[in-house]
Amino acid sequence: MASSVPRPSLDHRQMDRAVGAVLGGATGDALGVPYEYGSRPLETPARMLGGGLGNYAPGQWSDDTEMATCILRVAATGADLRTAESLDRIAELFLEWAATDPADIGIHTRDLLGEALVERARRPDEPTGALLTRLSTERHARTGRTAGNGSLMRTAPVALAHLGDPDAIDGAARADSALTHADPIAGEACVLWCMAIDHAIRAGTLDVRVGLDRVSPAWNGWLDAAERQEPAHFADHNGWVVAALQGAWSAVVRADSLPDGLQRAVAGGGDTDTVAAIAGALLGARFGGSTVPAAERRIVHGWPGYRARDLVALAALAARGGRPDPDGWPTVGAMSYSGNGGGGRPVPHPDDPGVLLAAADALHPGVADAVVSLCRLGADEVPLAGVRPEDHVEVWLVDKEDANNDLTRAVWDAAAVVRDLRTEGRTVLLHCVHAQTRTPVVAAAYGALITGTDPGEALQRVQRVLPSAAHPRPSVVAALNAAVPQSIPPRPTGAQ
Ligand SMILES: [Mg+2]
């Protein structure tokens, strides 16, 4: 599908936040799954235990993200989501998904998509987008009850497809919502949330009212109430789109980080996975996908066979109008800096010989049974041959000035995941492009974590064995001197 929508060019931090709108939503979904409607008692912190109404695997996302990927896949082609062609494709993917007999699916959506599968067999000439919109509209006229949270929970990719274009976001959000939820209030919720996501990605700040002049005046009071009340206040009726948005916004507006906001959203109770998926989209757009803990990125997964890296790639393409960046990422098979040197010899970490420090040209099968990559890799390079997908962890850490949303969190979180992999008995290859800054800095943080020594001293020990690390970028080294973020998580259950 040809790209037809002009896109603003995004800097590194904006791109991380665009990715976060998808990755944050998926993470919130998987974190909320175990507790959906009291499936198990709420606990602090919430953990990606799986189970829930769909008996999911640990880290598996549910219908919220499954449906969001349908929109994301079309957005990643660079298509204008308002066109009949795009809506047909999204609708076809919804039906493809419904035909897999999803483990958990909202009653309204299940009935509607089930009806559409039957109707399509009877009237094969009706375009699928028009078919769903017609059935949804008829159902709304018949029942007056189509304002569930099922279109809001999947709406974030709409914002990625039309960044910086409020009219397009408005039109696409309503059109997508109407495929299943014809109530105008559901469409308005999608407009409001996508406008807030767009704003957060581009500006790096929260403003949930940026789209308020496009929706009914009642939203102003609803948002005020969300700011006054804790998420739990909305739990009794958060299957309704308005209360779901209120619960999500109540969690987001109180959060000091993405992990904090997701915990607040789940702790609110009720439709925990959906409220956390909605909240996670805006939290990711505000704080960046890089702030989703690596321990959770390792295990998050779901239909249609995606893991975190697939969401990252599709979100980046959607935000770039369907095109890879000038280096070919994320669609290129191998990045030009990796695999072609052949001379890279990994150096054992001075505090733990089970961690090997290297540049990208050391990425060869058999070098280790786990990999932590601190630079972008191509589509064919992950996971490294012989390494389980959950044991090849990619970290979004940019070796440039002012290019990271939360550098301190990224460095210490990367060190924590090296520690987790070692605890699980893996040998770990820790690498970036040239092993000049990112590798030694994360290696120093890891050394400090396991020895309890000063990170600056740990860096000196690394530098003594790693000649390429003589002059790491000072602004990245500074992350070692900052306090370790409190939410560097313990290992989640289910990481094995
Ligand atoms: Mg769900």
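Order of appearance sets the numbers: ligands from 1, and atoms from 1 within every ligand. Every value quoted in this text rests on a predicted model; they were computed, and no experiment measured them. Counting from 1, the numbers follow the sequence of the chain as shown.
The minimum heavy-atom distance between T180 and S151, with the atom names listed, is OG1-CB, 4.4 Å. Residue D63 comes nearest to D104 through the heavy atom pair CB-O, 3.3 Å, listed as atom of the first residue, atom of the second, then distance.
Take E96 and apply the side chain to side chain donor-acceptor pair (under 3.5 Å) test, not counting sequence neighbours, and it matches no residue.
Only protein atoms were considered; those of element N, O or S under 2.8 Å from the Mg ion (ligand 1) number 4.
Between H181 and H108, a ring centre-to-centre spacing shorter than 6.0 Å is recorded.
Looking at Q246 and W222, their side chains never bring a donor and an acceptor atom within 3.5 Å of each other.
In this structure, the side chains of T109 and M67 come closer than 4.5 Å at one or more pairs of heavy atoms.
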